[in-house]
Q: 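Provided herewith is a single structure, encoded as structure tokens, for subsequent inquiry.
What you see is a predicted model; the values in this text were computed from it and never measured. In each ligand, atom 1 is the first atom listed, and ligand 1 is the first ligand listed.
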Amino acid sequence: MIQHTSKLPNVGTTIFTVMSQLSAKENALNLAQGFPNFPSDPVLIEMIQQALRENYNQYAPMSGASILREAIAEKMEYMYHRNYNPDTEVVVTAGATQAIFTIVSAFVRPNDEVIIFTPAYDCYAPAVEAHGGKVVSIQLKGKEFSVNWNEVRSNISSKTKMMIINTPHNPSGTVFSKEDMLELASILENTNIILLSDEVYEHIIFDGEQHQSAALFPKLAERTFITASFGKTFHNTGWKMGYCVAPKELMDEYKKVHQFNVFSVNHPMQIGIGKYLKKPEHYIQLPAFFQEKRDFFLNEIKDSRFTWIPSQGTYFQVLSYDAITDEQDTEFAKRLTREHKIASIPLSVFNTNKEDHKLLRFCFAKTDETLEKAAAIINKI
Ligand code: PMP
Ligand code: GLN
């Protein structure tokens with residue numbers, strides 16, 4: 001046997017794989033891993049097929065096909081009134097996951113500190129630790145998952161290299177307000193801290209709220225990488241397409257790693273998505289589309305024994321089960337999958353200390369028929 005010391009001794013298999021596998025084995029309804037069970041727009045599919053037929057089948061340019069980089073820059077301008085140069089400040093990636101890993105890889109050195117907010121999406125900490133960085137976790141507070149900005153201030157040190165935020169937030173379904181972003185801007189002012197703003201759910205936000213992109217705040221934007229995912233936006237998580245934007249000086253450094261990490265990503269997908277993204281009508285209707293799903297789901301489960309605060313963004317709803325059992329959330333999620341045939345994600349796995357608040361996350365990016373079936377099960381628990 002080869003002897004080696006793991007770079008990630010505490011990392012096991014991601015909860016999304018664990019729960020999706022259990023769900024398949026138990027023939028359960030999978031509301032665990034976040035993916036839609038309805039198709040992408042046929043118009044988009046046709047655009048991809050056309051790109052394949054037109055033989056966009058060799059390497060794309062390193063930072064992405066120009067039609068897509070231009071469409072991304074136009075969208076940033078349209079949504080957030082900020083100008084990103086498509087040639088120097090936009091890179092197309094293999095999903096947001098690759099963008100996040102590459103950003104961390106390009107900047108984080110051994111012993112650098114990276115601040116994250118827990119419960120945190122599970123790819124942040126391993127990326128930092130694989131590069132010898134130290135994760136500094138700040139726990140979001142209470143059922144509202146609010147940030148104590150004084151705590152953030154006191155956790156900043158001369159070693160802080162980067163901060164990772166995520167709004168709308170997975171797994172809690174909460175969003176940062178304008179005031180949160182202004183606090184953040186004032187904390188980061190006069191530091192050299194890079195902000196990684198994971199905005200994969202930018203188009204899934206409810207009740208008339210506006211997504212507070214880091215791009216809207218000039219003092220943040222100058223130090224920020226924004227990451228985004230077409231999988232989330234256009235209902236095709238299996239395509240693994242996304243992008244990141246940042247000011248040129250930061251992006252130059254990013255590209256040094258990106259070119260040897262993937263060089264470039266799926267060319268026909270880029271051409272098809274590039275054409276499709278040119279039309280804002282393909283994304284501005286998304287908040288209403290997903291709000292209908294959230295409201296339908298919550299109305300269907302209104303008589304259940306679970307309690308909740310309605311999701312403010314993302315396609316996840318957190319349900320609290322403290323009126324039902326005091327079982328550990330990881331155990332309860334597995335038992336629900338085995339015995340009730342519905343799979344969810346336990347929130348404790350996203351907390352650094354695995355703190356358990358008896359919360360499960362359910363994905364409502366599903367057809368009404370699936371949501372009805374899910375509600376029938378949930379109402380009997
Ligand atoms: N960040 C968050 C918060 C996510 O929920 C996800 C899952 N889609 C990602 C990043 C990764 O996105 P992608 O599938 O495009 O890699
Ligand atoms: N982002 C998805 C979720 O939160 C999962 C993506 C994955 O399985 N890696 O459920």
Side-chain angles (χ1 to χ4, degrees), residues 11-24 29-37 40 64 68 72 91-104 116-128 140 145 164-176 196-205 211 213-214 225-245 258 261-262 265-266 269-270 273 277 286 290 311-318 333 337 343-350 359-366:
V11 172
T13 304
T14 166
I15 190 70
F16 304 118
T17 299
V18 170
M19 291 312 298
S20 275
Q21 280 180 349
L22 183 64
S23 182
L29 214 49
N30 188 358
L31 269 60
Q33 194 178 23
F35 61 88
N37 74 338
S40 276
L68 181 53
I72 291 165
V91 174
V92 182
T93 62
T97 311
Q98 183 247 305
I100 292 164
F101 197 89
T102 308
I103 294 162
V104 170
I116 67 169
F117 297 86
T118 51
Y121 185 61
D122 69 348
C123 80
Y124 306 153
V128 172
L140 299 169
F145 294 91
I164 305 180
I165 61 168
N166 170 220
T167 181
H169 182 254
N170 180 12
S172 74
T174 56
V175 300
F176 274 1
L196 195 173
S197 183
D198 181 358
E199 304 187 11
V200 298
Y201 300 102
E202 65 183 316
H203 299 295
I204 313 183
I205 183 159
H211 168 55
S213 172
F225 278 91
I226 293 174
T227 57
S229 169
F230 292 118
K232 297 293 167 190
T233 301
F234 295 140
H235 323 314
N236 42 46
T237 59
W239 293 1
K240 291 301 296 186
M241 295 293 293
Y243 61 91
C244 59
V245 299
H258 178 94
N261 179 191
V262 285
V265 307
N266 194 312
M269 290 288 181
Q270 294 195 49
I273 295 172
L277 191 66
L286 287 169
F290 279 110
S311 172
Q312 298 173 302
T314 74
Y315 46 47
F316 303 116
Q317 177 63 52
V318 170
T337 312
S344 59
I345 296 286
L347 254 72
S348 66
V349 301
F350 303 113
L359 300 171
L360 299 177
R361 190 200 80 176
F362 292 79
C363 174
F364 56 79
K366 306 292 169 191

Q: Report yes or no: does a heavy atom of Asp198 sit under 4.0 Å from some atom of ligand 1?
A: yes

Q: Can you measure from NE2 (His169) to CD (Gln312) and round to the nearest 0.5 angstrom?
A: 12.0 Å

Q: Within a distance under 4.0 Å of any heavy atom of Gly95, pick out the atoms of ligand 1 and give their elements.
A: 15 (O), 16 (O)

Q: Which residue owns the protein heavy atom closest to atom 9 (C) of ligand 1, what's the atom, and how far is it?
A: Tyr121 CE2, 3.5 Å

Q: Considering only protein heavy atoms, which is closest to atom 11 (C) of ligand 1, and at what distance to one decimal place?
A: Thr97 OG1, 3.3 Å

Q: With sequence neighbours left out, what residues match Phe290 under ring-ring contact (aromatic ring centres under 6.0 Å, His included)?
A: His235, Tyr315

Q: Between the main-chain N or O of Val200 and the side-chain N or O of Ser229, is there a donor-acceptor pair closer than 3.5 Å?
A: no

Q: Please output the residues near ligand 2 using a strict heavy-atom distance under 4.0 Å, listed in chain and residue-number order.
A: Phe16, Gln33, Gly34, Tyr121, Asn170, Tyr201, Lys232, Phe316, Arg361

Q: What atoms in ligand 1 come closer than 4.0 Å to a heavy atom of Asn170?
A: 3 (C), 4 (C), 5 (O)

Q: Provide the number and element of each atom of ligand 1 under 4.0 Å from a heavy atom of Asn166.
A: 3 (C)

Q: Establish, for the pair Lys366 and Phe35, whether the NZ or CZ atom is under 6.0 angstrom from the six-membered ring centre and no further than 45 degrees off its axis.
A: yes

Q: If only side-chain N and O atoms count, and only distance matters, is there a donor-acceptor pair under 3.5 Å linking Gln317 with Ser311?
A: no

Q: Heavy atom under 4.0 Å from ligand 1: found in Tyr201's side chain, backbone, both, or neither?
A: side chain

Q: Show which atoms of ligand 1 fall inside a sub-4.0 Å distance from at least one heavy-atom site of Ala96.
A: 10 (C), 11 (C), 12 (O), 13 (P), 15 (O), 16 (O)

Q: Knowing that exactly one of Phe350, Phe316, Phe362 qualifies, which makes a side-chain contact (heavy atoms from CB on, under 4.5 Å) with Ile345?
A: Phe350

Q: Quiz question: by atom type and distance under 3.5 Å, do the side chains of Thr93 and Gln98 form a donor-acceptor pair?
A: no

Q: Donor-acceptor pair, Asn266 side chain versus Met269 backbone, under 3.5 Å?
A: yes

Q: Do Asn166 and Tyr201 have side-chain N/O donor and acceptor atoms under 3.5 Å apart?
A: no

Q: Do Asn170 and Thr314 pair up side chain to side chain, a donor and an acceptor below 3.5 Å, judged on atom types alone?
A: no

Q: Nearest protein heavy atom to atom 14 (O) of ligand 1, by residue and atom, and its distance?
A: Lys240 NZ, 3.2 Å

Q: Mind checking whether Lys232 contacts ligand 1 via backbone (N, CA, C, O), side chain (CB onward), both or neither, at a 4.0 Å heavy-atom cut-off?
A: side chain

